[in-house]
There are 2 protein chains.
Amino acid sequence: MRLTVEHGFDRVTIDAIAQAANISRRTFSNYFACKEDAVLHGEQLHHQGLLRALRERPDAESAWTALRSSVRGLYSSWDTQPDREWALRTRLAREHPSLMAQQLANHAAFARDLERAVAGRHNPGGVRSGLLVDVFLSALRVGLNTWIDEEETRDLLEVVEEIMDEVETPFGG
Amino acid sequence: MRLTVEHGFDRVTIDAIAQAANISRRTFSNYFACKEDAVLHGEQLHHQGLLRALRERPDAESAWTALRSSVRGLYSSWDTQPDREWALRTRLAREHPSLMAQQLANHAAFARDLERAVAGRHNPGGVRSGLLVDVFLSALRVGLNTWIDEEETRDLLEVVEEIMDEVETPFGG
DNA sequence: GGCAAAAATGCATCTCAGGCATTTTTGCAC
DNA sequence: GTGCAAAAATGCCTGAGATGCATTTTTGCC
């Protein structure tokens, strides 16, 4: 991330990263399939955290409620805002198509995991869980982007909650 | 696409594609940045068609209605179902992470275009258009996947309309 | 037929992913 | 602490990909 800031993402070679991390080029490849994966690793951790929170929600909660509650619980458990790194990563992904592509693929994988995790929960409108999860992730993504566009002036959770409220208003008409 | 079916996506080199198309390797790169782009080109055409349809919708229609109507209009204007190629491409993208990543990046770009195209339209619940477009695309994607999972036995439009109806039921609770 | 623009090509270079064998480090029983 | 097996890290190598640049070929039009 530091090298990326200093020289730009596509001007940083894997060799340079390996060197800066005091590991061999080959070892880098043992841990990450590509540069993109390395940059987006923090996001993967976020996904894992959210999944863990979701699994701990009481079974009685509906799918949508459990998802919302997981976000609320996780984000408010942080002692500091996920400021610099998140903003940096998100901005980077906006500018670099390859990063964007990888990020979206990660999101799709995350969606599959979430879908499995909410399977079996009550689901008010009979909406299939794939759709529900997709919409949830859209809201999360739009929330993050809004937060970034506002230059991280508000609380991330606050922005996300706002978007989630919007999602709960009907789309039709 | 033919070579991919015969030998598998990742065993087809750009050289092979170029040779089969009677063009030089270099010319391939003049048209497509990578193999993935070539395979997904049909989808790009679909996006363009949908955008064109959207721009021709009457201004009085709300954003959501205009989006739904565009799909309805475009899909029912086809004389044949987009059967083989679509199913093939979608299944391929499911199996190959790099293809999936590229596809999702294309969807994101498409989302930006759609967002611009519906900007200014009436929007019932005051939902921001980014969110609206995202949800619309989720519905389209889920519809396509459902259609595939049902082995293309029904009409694609029918499946998509069904999902769109689901989206119009509230998510909250 | 001639000419300019656009398309296609060839070439060269830098980078990457990943298989395989080898070396180094780590964790643990003794 | 010593020895040993598993895990991690490394080095080397190959096939493939992206892309800049100069050159050749094709196309469209007067």
Side-chain angles (χ1 to χ4, degrees), chain A residues 1-45 47-48 88-89 91-110 112, chain B residues 1-45 47-48 88-89 91-110 112:
Chain A
M1 196 66 85
R2 178 175 60 76
L3 291 176
T4 291
V5 172
E6 289 173 6
H7 307 116
F9 176 74
D10 32 12
R11 301 191 54 180
V12 176
T13 68
I14 296 186
D15 285 279
I17 299 174
Q19 191 168 359
N22 280 320
I23 57 172
S24 76
R25 159 67 220 265
R26 192 64 187 79
T27 298
F28 177 96
S29 281
N30 287 341
Y31 285 85
F32 303 106
C34 54
K35 250 194 308 182
E36 287 77 11
D37 279 348
V39 169
L40 297 173
H41 185 241
E43 213 169 49
Q44 300 284 62
L45 295 179
H47 292 170
Q48 289 168 25
L88 200 58
R89 198 167 49 220
R91 289 212 169 85
L92 218 57
R94 283 186 184 178
E95 298 165 8
H96 298 275
S98 72
L99 218 38
M100 157 91 70
Q102 190 61 46
Q103 185 180 44
L104 291 168
N106 289 346
H107 282 194
F110 183 38
R112 282 200 311 275
Chain B
M1 196 65 88
R2 180 176 59 75
L3 291 176
T4 290
V5 172
E6 289 173 7
H7 307 116
F9 176 73
D10 32 12
R11 302 191 53 180
V12 176
T13 68
I14 295 185
D15 285 279
I17 299 174
Q19 190 168 358
N22 281 319
I23 57 171
S24 76
R25 161 62 221 265
R26 191 64 186 80
T27 298
F28 178 96
S29 281
N30 287 340
Y31 286 85
F32 303 106
C34 54
K35 252 194 306 181
E36 287 77 12
D37 278 349
V39 169
L40 297 173
H41 185 240
E43 215 169 46
Q44 300 284 61
L45 295 179
H47 291 171
Q48 289 168 24
L88 200 57
R89 197 168 48 220
R91 290 212 168 85
L92 218 57
R94 284 186 185 180
E95 297 166 8
H96 297 275
S98 71
L99 218 38
M100 157 90 70
Q102 189 60 47
Q103 185 179 45
L104 291 169
N106 289 345
H107 282 194
F110 183 38
R112 282 200 310 273

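A note on names: the letters A, B, ... follow the listed sequences, proteins ahead of strands, and every chain is numbered from 1.
Interface limits on DNA chain C: the 5'-most and 3'-most nucleotides within less than 4.0 Å of chain B heavy atoms are C/dA7 to C/dC11.
Under a cut-off of 6.0 angstrom, the local environment of CZ in A/Arg112 is sparse, with at most 12 non-hydrogen atoms contributed by other residues, nucleotides or ligands. The local environment of CD in A/Gln44 is crowded, with over 12 non-hydrogen atoms from other residues, nucleotides or ligands closer than 6.0 Å. Annotation for B/Arg91: atom CZ counts as buried by contact number, over 12 foreign heavy atoms lying within 6.0 Å.
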For this session: In sequence, state the C-alpha distance, the side-chain angles, and the governing distance for A/Asn106 and A/Phe110, and then conclude on side chain to side chain contact (heavy atoms under 4.5 Å, CB included).
Result: CA-CA 6 Å; A/Asn106 289 346; A/Phe110 183 38; over 6 Å; no

For this session: Might you work through the side chain to side chain contact (heavy atoms under 4.5 Å, CB included) test for B/Glu36 and B/His96, ending with a clear yes or no?
Result: CA-CA 10 Å; B/Glu36 287 77 12; B/His96 297 275; over 6 Å; no

For this session: Decide yes or no on side chain to side chain contact (heavy atoms under 4.5 Å, CB included) for B/Glu43 and B/His107, but give the supporting numbers first.
Result: CA-CA 9 Å; B/Glu43 215 169 46; B/His107 282 194; 4.0 Å; yes

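The CZ atom of A/Arg11 sits 12.5 Å away from the CG atom of A/Leu3 when rounded to the nearest 0.5 Å.
The 5' end of DNA chain C is approached more closely, in terms of each residue's nearest nucleotide, by B/Asn22 than by the other of A/Phe32 and B/Asn22.
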Distances for protein N or O near nucleotides 11-16 of chain D N or O, under 3.5 Å:
residue, atom, partner, partner atom, Å
D/dG11, O6, A/Arg26, NE, 3.1

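Here B/Asp37 pairs with B/Phe32, B/Ala33, B/Cys34, B/Gln102 under the side chain to side chain contact (heavy atoms under 4.5 Å, CB included) rule; sequence neighbours left out.
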